[in-house]
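Below: one structure, written as structure tokens.
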Amino acid sequence: MENSQKRGRVSSIVAKGLSLSVLTLVSRILGLIREITKANFLGTKALGDAFGIAFQVPNFLRRLFAENSVSVAFIPTFKSYIETADTPEGKKTAQEFVNATFTLLTFLTVVFVSLGMVFTPLIIKIFFKETSGSAYDESVILTRIMFPYLIVISIAALFQGILNALKIFSPSGFTPILFNAIVIAFTYIFAPYTANPARAMAIGVITGGTVQAAFQLPFVLRQNWKIGFTSLKNAFTNPGTRTVLRLIGPTIIGMSAYQLNDLVSSTLATHAGEGIYSSLQYSLRLQELILGICAVTIGTVILPDLTGFARRNEWERFNRMLTQAIRIMALIAIPITFYSLIMGQDIIALVFKTGEFNEQSVQMTLEVFKCHMLGLFFIAVNRIVSPAFYAQQDTKSPTIAGLINFAINIALAVILVKPLKGAGIALALSIASIVNMIVLFIFLHKTPTIDVKSVVLKSLLYALKMVVLSVIACIPVVLLKDRLQELFSGHGRLIANGLPVLITVLIFAAVGVALLFITKDPLVKSMLHKEVNDGK
């Protein structure tokens with residue numbers, strides 16, 4: 001009976017994760033195509049750096065107002081209202097909370113955007129040695145075009161929080177697809193009619209963000225939740241919004257530290273030389289493609305369930321779900337890391353080498369990419385462990401961990417950027433992510449309700465198993481890599497780089513799957529057991 005329930009829990013995570021992963025996969029692929037479009041039009045030159053800096057500024061605030069607020073504070077608070085919404089009075093109270101949150105979020109983002117657009121020239125000065133060049137001037141223009149993105153994407157995140165708290169994931173999973181498709185289309189359509197392609201891309205960003213919010217609204221309304229304004233007094237004094245503000249206060253500090261990582265790293269990169277910032281962004285896009293499919297998806301799926309287990313004091317189920325989520329991360333992230341370290345050059349050339357993105361750009365990005373991939377598994381685990389704190393309404397522990405991460409990352413980046421350039425900044429991030437993971441588990445160990453020793457031991461043993469299996473699966477890839485590159489060299493990148501990647505990834509996957517079956521992997525057995533039961 002216990003094994004059956006355990007398989008059910010694993011299957012539940014996998015089933016929900018797979019359904020959301022399909023949408024996330026499409027979104028991340030389109031996100032990659034968006035970066036390919038950017039590489040084609042902007043490359044690793046000054047214009048590419050200008051667009052990257054300009055887009056990062058509203059993104060800094062987006063993560064504070066949108067993603068962070070929703071996952072850390074809004075979903076757990078809203079779920080407590082949902083539990084009493086089956087009565088007219090409970091429903092009214094919950095609706096007042098939604099309206100108050102919507103009002104507060106809109107007011108704050110409008111204020112920040114208004115101030116940001118006024119002070120854009122001063123903000124952008126941080127990133128540039130010289131403030132008289134075309135890159136600086138263009139970055140100011142692009143930032144002002146994209147600043148309102150903060151307002152619409154924050155509203156979209158609120159709608160996502162409502163739907164996710166109700167365990168409705170598909171609409172929110174589909175909106176990034178719309179966003180990326182719009183940015184890509186606007187770049188190609190409007191580039192000939194704007195001063196440069198970066199401006200066409202910026203217009204696509206603000207349009208795509210607006211569509212993300214508009215698309216989710218009908219799904220929220222269909223669940224009998226209205227979206228409306230209330231007075232600012234009600235917005236600030238509502239018990240629910242006060243709870244949200246109390247929960248998010250410490251986390252804003254932690255997230256600010258995380259974003260300051262990006263800010264300082266970006267400044268170091270732009271000062272280290274032309275194109276280094278862009279190469280970091282292209283490398284991160286590849287890494288985020290993988291993280292989005294696994295870590296973000298599983299983290300989104302498990303947070304509502306972990307919150308429910310914590311509220312009902314079902315700590316054994318809490319521990320098992322957390323363990324299985326980390327093991328799923330190991331199953332995905334570790335093999336991908338090993339494969340990417342071997343075939344990184346072909347992957348980067350296949351994806352980006354077009355137009356303004358030349359061989360020099362490939363090599364710059366490859367150096368960074370290898371260092372980023374070393375931290376993939378640890379970043380993924382951090383994004384899984386953090387919901388374990390948020391589910392218990394503990395935002396202080398991840399905040400302290402974030403501050404430690406910030407200090408280590410910045411110190412290492414400053415030390416490593418001179419000898420290693422962009423690779424030094426990427427390596428600093430990977431090392432800091434390892435330390436961050438260790439600190440999170442130390443804090444989790446202080447929580448008496450969570451069996452951290454069991455979680456860590458089971459996860460560590462499974463991760464070591466994945467390392468061994470990945471090394472074995474890499475052997476044929478290493479043996480065939482050079483021969484395949486020689487065989488297909490001289491052709492276009494789709495053949496010269498694409499076929500070696502396709503052939504080696506199929507061999508790598510085949511060997512890996514065979515090894516999982518031979519070792520009777522428990523996650524594979526759980527998924528197969530579900531398929532058999534579904535067939536019955």
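Because only heavy atoms are used, hydrogens play no part in the values below, and waters and symmetry mates are left out as well, while side chains stay in.
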field: Residue E314 excluded, over 12 heavy atoms near CD under 6.0 Å
entry: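 Enclosed: over 12 neighbouring heavy atoms sit under 6.0 Å from CD of E314.
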
Any side-chain heavy atom of [X] within less than 4.5 Å of one from [Y]?
X: L374; Y: L341; result: yes
X: P522; Y: R327; result: yes
X: F169; Y: L163; result: no
X: N180; Y: I33; result: no
X: K38; Y: L42; result: yes
X: V452; Y: N319; result: no
X: L464; Y: V468; result: no
X: K453; Y: H445; result: yes

With no hydrogens and no angle check, is any side-chain donor or acceptor of [X] less than 3.5 Å from a backbone partner on [Y]?
X: S454; Y: D451; value: no
X: N405; Y: A432; value: yes
X: T504; Y: V501; value: yes
X: N164; Y: K167; value: no
X: Q287; Y: H372; value: yes
X: S279; Y: I276; value: yes

[X]: side chain to side chain contact (heavy atoms under 4.5 Å, CB included) partners, not counting sequence neighbours:
X: I431; answer: L412, L427
X: L494; answer: L350
X: F55; answer: R34, F51, N59, M146, Y149, F179, V205

Check [X] against [Y] and note the closest heavy-atom contact, atom names and distance.
X: F78; Y: A165; result: CD2-CB, 3.5 Å
X: P335; Y: A330; result: CD-O, 3.4 Å
X: A269; Y: L280; result: CB-CD1, 3.5 Å
X: I342; Y: V477; result: CG2-CG1, 3.9 Å

Looking at residues at least two apart in the chain, or sitting in another chain, which of them share a side-chain hydrogen bond (donor to acceptor under 3.5 Å, both in side chains) with [X]?
X: T37; result: none
X: T77; result: none
X: S278; result: D49

message: Give me each pair satisfying side chain to side chain donor-acceptor pair (under 3.5 Å) with a member in residues 483-502, each pair once, sequence neighbours excluded.
response: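 Qualifying pairs, neighbours excluded: D346-Q485, D346-N497.
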
- request: Please collect all side chain to side chain donor-acceptor pair (under 3.5 Å) contacts where either partner lies in residues 462-473, sequence neighbours excluded, each pair once.
  value: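 The answer is Y462-D521, K465-T519, K465-D521.
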
- prompt: Do we see a donor-acceptor contact under 3.5 Å between the side chains of N358 and S361?
  reply: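 Yes, S361 and N358 have a side-chain donor paired with an acceptor closer than 3.5 Å.
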
message: Let me confirm one number: the CG-SG distance from L429 to C371, rounded to the nearest 0.5 Å.
response: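 Rounded to the nearest 0.5 Å, the CG-SG separation comes to 10.5 Å.
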
field: Inter-residue atom distance L479.CG - L484.CG, 0.5 Å rounding
entry: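 It is 11.0 Å, given to the nearest 0.5 Å.
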
- prompt: Does the side-chain contact (heavy atoms from CB on, under 4.5 Å) test come out yes or no for S430 and F378, once each step is laid out?
  reply: CA-CA 8 Å; S430 294; F378 307 101; over 6 Å; no

message: For residues 332-361, which residue pairs pass the ring pair (Phe, Tyr, Trp, His ring centres under 6.0 Å) check, not counting sequence neighbours?
response: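 Pairs touching residues 332-361 that pass the test: Y282-F352, Y282-F357, Y339-F508, F352-F357.
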
task: Give every residue pair that meets the ring pair (Phe, Tyr, Trp, His ring centres under 6.0 Å) criterion with at least one member in residues 465-488, sequence neighbours excluded.
output: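 Every pair satisfying ring pair (Phe, Tyr, Trp, His ring centres under 6.0 Å) with a residue in residues 465-488: there are none.
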
field: salt bridge (charged side-chain N to carboxylate O under 4.0 Å, His left out) partners of residues 434-448, not counting sequence neighbours, each pair once
entry: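 Passing the test, one end in residues 434-448: no pairs.
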
query: Which salt bridge (charged side-chain N to carboxylate O under 4.0 Å, His left out) pairs, counting each pair once, include a residue from residues 357-374, with sequence neighbours left out?
result: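 Listed once each, the pairs are K353-E359.
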
